[in-house]
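Worksheet: one structure, shown below.
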Amino acid sequence: MLKHVGNRILGLGQRSPVTRGVLPRLYHERVVDHYNNPRNVGSFDKNDPTVGTGLVGAPACGDVMKLQIKVDEQTGKITDACFKTFGCGSAIASSSVATEWVKGRQMEEVLSIKNTEIAKHLSLPPVKLHCSMLAEDAIKAAVKDYEAKKAKFNGNAENASSEKAA
């Protein structure tokens, strides 16, 4: 039943005689692929100091996206990424693409990923551009969270070593 409803939403189901004269709105095959087979769904422990979490939402449509990155502290490279998204097919696909694109890249490098690139890759229509904007914002929020954790951890480590020296 859920698969049938999902296919109807994505424009893959049978058209009824009532809608024959109306052209259905179809998602691009990449959106359908990432919706049906999302990559990197899940979550990491948000208390792990090597994990950055970005939680963003769009009040207008109700989409909520959580994107997490796991960073190698020595190299600054993102070793893994995952997401959980409550939203439409375009939001899920944008999250899935974002996690694929950040893996194996440097922290500074992922900040250059723009929503327009995600939207172009998925061929999102203008009405769905906010989904790719959420993905870009989630990447930036995850990086910011990781850097804040790192600064806090390094600050605590410096305080502990100066207390030992005193």
Problem set entry | Ser96 side chain to Arg39 backbone, donor-acceptor under 3.5 Å | yes
Exercise. Side chains of Ser43 and Gln68: closer than 4.5 Å at any heavy-atom pair?
Worked result: yes
Exercise. In Å, rounded to the nearest 0.5 Å, how long is the span from CZ of Phe86 to CD1 of Ile92?
Worked result: 9.5 Å
Exercise. Is Val110 linked to Ile69 within one hydrophobic cluster, defined over Ile, Leu, Val, Met, Phe, Trp and Tyr using a side-chain heavy-atom separation of less than 4.5 Å?
Worked result: yes
Exercise. Can Val97 be reached from Leu111 by stepping across I, L, V, M, F, W or Y side chains whose heavy atoms are under 4.5 Å apart?
Worked result: yes
Exercise. Any side-chain heavy-atom pair from Asp48 and Lys149 closer than 4.5 angstrom?
Worked result: no
Problem set entry | Distance, nearest 0.5 Å, that separates CG of Asp33 from NE2 of His28 | 11.0 Å
For this session: For Glu136 and Met133, indicate whether the former's side chain and the latter's backbone hold a donor-acceptor pair under 3.5 Å.
Result: no
For this session: Would you name the heavy atoms of Leu129 and Ser132 that are closest together and state the gap between them?
Result: O-OG, 2.8 Å
For this session: Please report the closest heavy-atom contact between Ala135 and Ala98, naming both atoms and the distance.
Result: CB-CB, 4.2 Å
Exercise. With a 4.5 Å limit on heavy-atom distance, are the side chains of Val71 and Lys77 in contact?
Worked result: no
Exercise. Hey, is the main chain of Gly87 close enough, under 3.5 Å, to the side chain of Thr85 for a donor-acceptor pair?
Worked result: no
Exercise. So how far is it from Leu55 CG to Lys84 NZ, rounded to the nearest 0.5 Å?
Worked result: 12.0 Å
Seminar exercise, completed: Tightest non-hydrogen contact, residues Ser90 and Cys131, listed as CB-SG, 3.7 Å
For this session: Answer yes or no: is there a side-chain heavy-atom contact under 4.5 Å between His130 and Asn115?
Result: no
Exercise. Is Met65 linked to Val51 within one hydrophobic cluster, defined over Ile, Leu, Val, Met, Phe, Trp and Tyr using a side-chain heavy-atom separation of less than 4.5 Å?
Worked result: no
Problem set entry | Residue pair Asp137, Lys144: steps toward the salt bridge (charged side-chain N to carboxylate O under 4.0 Å, His left out) verdict | CA-CA 10 Å; Asp137 292 344; Lys144 184 177 180 180; over 6 Å; no
For this session: Measure the shortest side-chain to side-chain distance between Glu100 and His34 over non-hydrogen atoms and say whether it is less than 4.5 angstrom.
Result: yes
Problem set entry | Closest contact, heavy atoms only, Arg30 versus Ser123 | NH1-OG, 4.4 Å
Problem set entry | Check: Lys103 and Asp80 side chains under 4.5 Å, non-hydrogen atoms | yes
For this session: State yes or no: do Leu67 and Ile118 share one hydrophobic cluster built from I, L, V, M, F, W and Y residues joined by side-chain heavy-atom distances below 4.5 Å, directly or via other members?
Result: yes
Exercise. Which pair of non-hydrogen atoms, one from Cys88 and one from Asp63, has the smallest distance, and what is that distance?
Worked result: N-OD1, 3.4 Å
Problem set entry | Euclidean distance, Lys120 NZ relative to Lys114 NZ, rounded to 0.5 Å | 15.5 Å
Exercise. So, does Thr79 use its side chain to make a donor-acceptor pair with the main chain of Lys70 at under 3.5 Å?
Worked result: yes
Exercise. Is Lys46 close to Thr53 at the side-chain level, that is, under 4.5 Å between some pair of heavy atoms?
Worked result: yes
Problem set entry | Distance, nearest 0.5 Å, that separates OG1 of Thr50 from CD1 of Ile78 | 11.5 Å
Exercise. In terms of hydrophobic clustering (I, L, V, M, F, W, Y; side-chain heavy atoms under 4.5 Å; direct or indirect links), are Val31 and Trp101 co-clustered?
Worked result: yes
For this session: To the nearest 0.5 angstrom, please state how far the OG atom of Ser94 sits from the CG atom of Leu134.
Result: 8.0 Å
Exercise. Pro49 and Tyr146: which non-hydrogen atoms are nearest, and at how many Å?
Worked result: O-CE1, 3.5 Å
